[in-house]
Amino acid sequence: MLHLSCHTGGRPIWSDALCAFLADDFNKEMQCVGAANGQYALDKIIEESVIAGINAAKLSGNENHDFSSNVNKELDILKPKVETYLASKAQAIFHIPHAKATFMAPKQFVDFQLDVTAAGIELAVAEGFESIEHVKRYTALGFGTDQGKISNINGMAIVAKKLKQSIAETGTTIFRPNYTPVTFDAIAGRNVNSFFDVERYTPLHREHIKLGALFEDVGQWKRPWYYPDDNETMNEAVARECLAVRSGVGLLDASTLGKIDIQGKDAREFLNRVYTNAWSKLPVGRCRYGLMCGEDGMVFDDGVTACLAENHFIMTTTTGGAAHVYQWLEIWHQTEWPELDVYFTTVTDQWATMTISGPKARFLLAKMTDIDLNPESFKFMDWREADVVGVPSRIFRISFTGEQSYEINVPANYAVVVWEKLLEYGQEFELTPYGTGTMHVLRAEKGFIIVGQDTDGSVTPADLNMGWAVAKNKPFSFIGQRGMNREDCLREDRKQLVGLKTKHPNQVLPEGAQIILQPNQPIPMKMVGHVTSSYFSAALGHSIAMAVVKNGINKLGDSVYLPLDNGETVEANICSPIFYDPEGAKQNV
Amino acid sequence: MKQINRVRQNRSSKDFACSRIDFSQPIHFSFNGKEYTGVLGDTIASALLANGIDVVGRSFKYGRPRGIVTAGSDEPNAILQLGNCEATQVPNVRATQQLIFEGLECHSTSGWPSTRFHLMGIFGALFARFLPPGFYYKTFMAPAKWWKYYEKWIRKGAGLGRSPNRADEDIYEVINQHADVLIVGAGAAGLSAALGASRMGARVILADEQNEFGGSLLSSNIKINDRCTRDWIDAVVAELINYESQGQLLLLKHATVNGYHDHNFLTIHERCTDHLKDKAAQNEVRQRYHRVRAKQVILATGALERPLVFANNDLPGCMLASAISTYINRYQVIPGNTLVVMTANDSGYIAAIDWHNAGRRVAAVVDTRKSHASELSKQVKALGITIIYQSAVIEARRKRLNSRVCSAVIMSMDSTGDAVKGVKKLFCVTL
Amino acid sequence: MFLIHCPICNEPRSEDEFHCAGEGHIQRPLDPMATSDKEWGDYLFFRSNPRGTYRELWQHTIGCRKYFYIKRNTETYQIYKTYKLDDKSERVALDKEHSNKNKFGDLL
Ligand SMILES: [Zn+2]
């Protein structure tokens, strides 16, 4: 039985003397004994096996033990007297011929489980299948749950005879795990139900449950999706939350965003190399948005990084990309630029982030802290250290909604206190908690991308019309610069990010819908792009969509068509993806 | 139903000293909805054979009736669906490996609508000539879009078992293990190796897929130190248990080493309660998956007997010689009345001797080799059994479409074994 | 399932703890913008994928998080050695293998 010895790559060797296969010496840490080693005489088996056991013990670091110290030598059960027979030599016969030719005779089964017959194998060989692996796949020999335990050798012998070669020349097929079927339960063990996959909760998870939130899976995170009132549907709740942010103030738990603490005197230079834009002149107290590209020039993450001190930055990443970005920074530092003096620590779980957003955000924040919130001194893209209801905090004035917006970062253990105080002081401003559903609509109204939704690993910053985030004159060639300057990346007809407005304002396009230029084409139609994000905007009163369209940036105002799976074809106009407050006035006030 | 093929109880004490089944404990179970009785220590296979059950399934492509062929994990036909309720359904259980317990329920996986009347069987009999190899590729692949209709029927007709449609409530465990020496198989070789390594002070894991240690010794009438093999096994296991109590050794029964992965990483599937009950008790682990990193591995997995390929060799009643010895010596079951043995080596003679000693008739031993005078052949002759040299069973025959084997066609062979001449017909029930 | 000796932790650990980062000893062009599209494409997309000896970059992700090299056989999965990033001996051996290959290539 050599099944196991083949799992890691060993090939059985045919022994004509024994009419059997034996294991090769592929694996030096493995030995076969007994009948598996072609030994059939019981006294020899015991003798050989004891020696093998002793040797294995020695090779695994037990060479100093005295084997016979506690064994009675005269009566050792490992030296028994066994009756033996002198056996006569076996004959190598596998397939008993019939008086009729094989294909005319009654069926001669080789593999019982899959009904493979001798005639079938001979036919396969006659049809030109000469490799035993091909015969196996063609006839299904040894395919069943018995893995060819009793059928394989006979099958090989018949192939060998038909091809007029030896069994050794024919070779064997390879056995693979498992030897016998294993239940999925056993493989899963205790990792079932709530232990099936890791779930990550923000420090505010229980507060969201209290408010009746429904949750969305984002990677391993559970994020609040929306907070329905009584009998609200998702669309109704999201519309209400959106309008609350646009007209008053909303509250979002943004703790899941990846946070990496970066320190060292070369931290700034390191950022210059991993981000597409320039970091040399970012002063302490300011934040900057950055795009990260692979060596191929394609966007793979984005986020805001703040300068905490001259040699100290805090980088935020997308929720799903945090682990990858962290690894990305490490590999470049360790393998390419070990000379740079820079250190990284992931602090995602150490900080909780609560974002208040909307025209009344500043009034609310003023109730919670004494620092100067005057927009002339605490400007858009500034950050300040602050005492918020007695908790030491970092407040970043950045915006993913297009409204006046403050991200309050507090040590995770203080999150609940600050959250409770926000709700308390927020009553006066009708503070509305909102979830990822609303966050998506608000950012799409502003044309802000979500990496992984509006990009798919084949999109450059230029394709996103974000050339402004790519530095032209950095001294060191940053990651992605060479890639995005390949000939193919400079083509004009690449798919580019644009907005779409449907002709009927209430029609919400399905995400993933394909875009064509001529509505009445024969199938297959010429597809020029697809919808990446699509929502109904309560603030604007019509649907909005983001899409990638070939040469789309030069096609503003053009009509395109979207054939849907229900047979309907929808007409839409290409527009700027910034649907709301295109001047950016509201986030600056 | 009576256990018609069980060796009479009063013979057990003397002739079957190695057998460990317990006649005092009858066990009731059901197969395809019908009640049967076996005894403690029986596998489903031995209990079914004891009850004279011929057909345990249908073949995959032609739907031919199939019986039990082996007595171990190599069993190709007796593949059953187990489970008393939806949550405990397990497909692909080999009847030769599953012990019976009170109230066990099992079904043939291949045999819809029933093992006796079978849709594919009729297909197979009528159209068998037209089902060549590559049949699935050739016929069903084009047009590809029809596959979804074929597949349902083929799968149902072929019967590959089914998955449960309710969640399994039992507890399962995964354990990481580290060992100096992992020994696979606890027959004579594995037991000896385990003791050798243990006496050297190594940390040893010994795993065997059967319900007791001993391997082929459990089926053998050979004498060790003039006593039956059981005494030797007991002595070795006693010493091993002593090492186990010191925490140096781990003995695993019902534990199949299933995968041998890189750098001596092996996986063992231990079935803790499957042989005892349908559903584990609360807080009891039903199966355990051991992930073992071993410094050294010893494979003492024994050998499998290879069947000879001849016409109609799949008829119920055609079995491996080693399986016959196992059923007689270990389970006290004689799967038939009259035996014809075909062999190309000496091991076939042992089955003939066991069968004869169990009190039933051996029609002949058909040896493909030229006349010889091995010790075993002399013993067989002394019992008055006919030996036919340089001949082979070329075909098994049956009376009716669904009946078991009833006769064997024997022809003598030329010296190369490539051609046959002359016909002789013998009646038999088991081959 | 490999058993990998982390040269930083100096301990054999299970493969689960590691993450493979592809072929090792790939030299990034010192001035990427000065490379031709072909040179850049060779660096970015093409790997040797040999049958036999291979040197790979791995990270001890659930451990010390350090990257290091593994020299292993892609056919047998044998690991010849693991070594730190600043170990230059294999770099030298690799260069020798390449120059030999080029030499024989010229002869043919
Ligand atoms: Zn390490």
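Each chain gets a letter, A, B and so on, in the order the sequences are listed, and its residues count up from 1.
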Given a strict heavy-atom distance threshold of 4.5 Å, which part of B:Glu270 is in contact with chain A: side chain, backbone, both, or neither? neither

Select one option (side chain, backbone, both, neither) describing which atoms of B:Asn225 are under 4.5 Å from chain A's heavy atoms. both

Taking side chain as everything from C-beta outward and backbone as N, CA, C, O, which of these in B:Val204 sits under 4.5 Å from a heavy atom of chain A? Side chain, backbone, both or neither. neither

Within the 4.5 Å heavy-atom criterion, are B:Leu320 and B:Asp74 side-chain neighbours or not? yes

Select one option (side chain, backbone, both, neither) describing which atoms of B:Thr256 are under 4.5 Å from chain A's heavy atoms. side chain

Could you report the tightest heavy-atom contact between B:Asn77 and B:Gly67, atom names first, then the distance? ND2-O, 3.0 Å

Among A:Val182, A:Val116, A:Ile45, A:Ile51, which residue has the highest count of heavy-atom pairs closer than 4.5 Å to chain B? A:Val182

Top contributor to chain A interface from B:Ala300, B:Gly259, B:Ser216 [non-hydrogen pairs under 4.5 Å]: B:Gly259

Atom CZ in B:Arg271, atom CZ in B:Arg288: separation rounded to 0.5 Å? 13.0 Å

Salt bridge check, B:Glu173 against A:Arg190: does any charged N sit closer than 4.0 Å to a carboxylate O? yes

Using non-hydrogen atoms only, which part of B:Val90 is less than 4.5 Å away from chain A: side chain, backbone, both, or neither? side chain

Over all heavy atoms of both residues, which pair between A:Met30 and A:Ser5 is shortest? Give the atoms and the distance, please. CE-CB, 3.6 Å

Output the option from B:Asp314, B:Ile224, B:Val181 having the highest count of non-hydrogen pairs under 4.5 Å with chain A. B:Asp314

B:Tyr349 and B:Ser377, any side-chain heavy atoms less than 4.5 Å apart: yes

Pairing of B:Arg369 and B:Asp346 as salt bridge, 4.0 angstrom limit: yes

For the interface with chain B, which of A:Ala56, A:Gly34, A:Ala118 has the highest count of heavy-atom pairs at distances below 4.5 Å? A:Ala56

Check whether B:Leu308 gets within reach of chain A through its side chain, its backbone, both or neither, counting any heavy atom under 4.5 Å. both

Given that the side chain runs from C-beta out, which part of A:Phe129 has a heavy atom under 4.5 Å from chain B: side chain, backbone, both or neither? neither

Okay, B:His261 and chain A: the region with an atom under 4.5 Å from a heavy atom over there is both

Under 4.5 Å from any heavy atom of chain A, what part of B:Val93 do you find: side chain, backbone, both or neither? neither

Between B:Lys295 and B:Asp180, does any NZ, NE, NH1 or NH2 come within less than 4.0 Å of an OD or OE carboxylate oxygen? yes

Does the side chain of A:Val33 come within less than 4.5 Å of B:Ile183's, by heavy atoms? no

For residues B:Gln296 and A:Ser60, report the shortest heavy-atom separation together with the two atoms involved. CG-CB, 4.1 Å

So, the part of A:Ala188 with a heavy atom under 4.5 Å from chain B: the answer is backbone

For chain A, find which of B:Gly190, B:Ala189, B:Ser192, B:Ala202 contributes the most heavy-atom pairs closer than 4.5 angstrom. B:Ser192

